[in-house]
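Labels below follow one simple rule: chain letters A, B, ... track the order of the sequence lines, proteins then strands, and each chain is numbered from 1. Atoms considered below: every heavy atom in the structure, side chains included; atoms not considered: hydrogens, waters and symmetry mates.
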Amino acid sequence: DARVTQTPRDKVTEMGQEVTMRCQPILGHNTVFWYRQTMMQGLELLAYFRNRAPLDDSGMPKDRFSAEMPDATLATLKIQPSEPRDSAVYFCASGLVNTGELFFGEGSRLTVL
Amino acid sequence: GESVGLHLPTLSVQEGDNSIINCAYSNSASDYFIWYKQESGKGPQFIIDIRSNMDKRQGQRVTVLLNKTVKHLSLQIAATQPGDSAVYFCAENRPGAGSYQLTFGKGTKLSVIP
């Protein structure tokens with residue numbers, strides 16, 4: 001049963017700490033997306049990769065957020081330093097470039113105190 | 001419909017009745033639309049999609065209607081079941097990047113009354 005795997009599921013940290021979230025996309029998928037979900041803003045696109053190359057990270061605060069795909073089986077989203085306003089659920093999704101159907105992971109719930 | 005601020009619009013439906021969830025999208029150039037279902041504590045899950053050259057598409061128990069004139073999308077669920085209780089999001093694709101980048105609406109919460 002192919003699925004997108006995200007770790008950690010839950011993370012509580014203190015302001016100023018570095019946070020790294022990891023995602024294993026579905027094998028064979030060539031697009032990877034990072035979304036952030038909050039009650040106020042809903043689902044916001046943070047970053048988008050196609051064939052591991054970053055195509056769009058305009059939705060991401062550049063001073064503290066970074067997204068990478070070191071290989072086809074791993075995507076990372078790093079926040080350094082973290083702030084309370086970063087508290088949200090972060091979703092990774094993967095898909096194929098010629099379809100719009102995205103497969104989402106279960107999310108990483110981040111709480112920054 | 002779409003929410004403003006903290007509170008999601010909520011639709012309460014009796015089990016067995018049909019549900020209609022509405023969505024207003026923003027960009028007249030959007031060429032592709034998807035409905036997602038998100039259950040509590042889980043990621044969004046694909047339900048059905050429709051391209052802008054169509055006005056109706058049917059799946060199993062679900063139908064999506066697209067009215068480009070008024071930029072309106074709806075999801076109809078037939079014979080609603082307790083397992084349909086979730087938050088439903090519409091998403092639109094805005095062409096230009098050469099591949100799909102979805103913008104999601106704020107969502108509508110569907111509660112099914114047994």
Requested in this report: Output every pair passing side-chain hydrogen bond (donor to acceptor under 3.5 Å, both in side chains) with a member in residues 47-57 of chain B, not counting sequence neighbours, ordered by first then second residue.
Outcome: B/Tyr32-B/Asp49, B/Asp49-B/Arg57, B/Arg51-B/Tyr100

Query raised in the report: For A/Leu45, is it the side chain, the backbone, both or neither that has a heavy atom under 4.5 Å from a heavy atom of chain B?
Result: side chain

Query raised in the report: So which part of A/Thr38 gets closer than 4.5 Å to some heavy atom of chain B, the side chain, the backbone, both or neither?
Result: neither

Report task. Count the heavy atoms belonging to other residues, nucleotides or ligands that lie under 6.0 Å from CE of A/Met15, then report whether that count exceeds 12. Result -> no

Query - Minimum heavy-atom distance B/Lys106-A/Met40, with the two atoms named - result: CE-O, 3.3 Å

Requested in this report: Taking all heavy atoms of B/Pro44 and all of A/Leu43, pick out the closest pair and write down the distance.
Outcome: CG-CD1, 4.0 Å

Query raised in the report: CZ of A/Arg3: more than 12 outside heavy atoms within 6.0 angstrom?
Result: no

Query raised in the report: Is it true that atom CG of A/Leu27 has more than 12 heavy atoms of other residues, nucleotides or ligands lying nearer than 6.0 Å?
Result: no

Report task. Quick one: closest heavy-atom pair of B/Phe89 and A/Gln37, and the distance? Result -> CZ-NE2, 3.4 Å

**Report entry** Most contacts with chain B, counted as non-hydrogen pairs under 4.5 angstrom, among A/Gln41, A/Arg109, A/Arg9, A/Gln6
**Finding:** A/Gln41

Query raised in the report: Has B/Gln14 got more than 12 heavy atoms of other residues, nucleotides or ligands less than 6.0 Å from its CD?
Result: yes

Query - chain A contact via B/Gln45 - which portion, at a heavy-atom distance below 4.5 Å - result: neither

Report task. Could you tell me whether B/Lys42 atom NZ has more than 12 heavy atoms of other residues or ligands within 6.0 Å of it? Result -> no

Query raised in the report: Only one of A/Tyr35, A/Phe33, A/Tyr48 forms a side-chain contact (heavy atoms from CB on, under 4.5 Å) with B/Leu102, so which one is it?
Result: A/Tyr35

Report task. Can you measure from CG (A/Leu102) to CZ (B/Phe104) and round to the nearest 0.5 angstrom? Result -> 6.0 Å

Query raised in the report: CD1/B/Ile48 to CD/A/Glu101 distance, rounded to the nearest 0.5 angstrom?
Result: 11.0 Å

Requested in this report: Please name all residues satisfying side-chain contact (heavy atoms from CB on, under 4.5 Å) with B/Lys37, sequence neighbours left out, ordered by chain then number.
Outcome: B/Glu39, B/Ile47, B/Asp84, B/Ala86, B/Tyr88

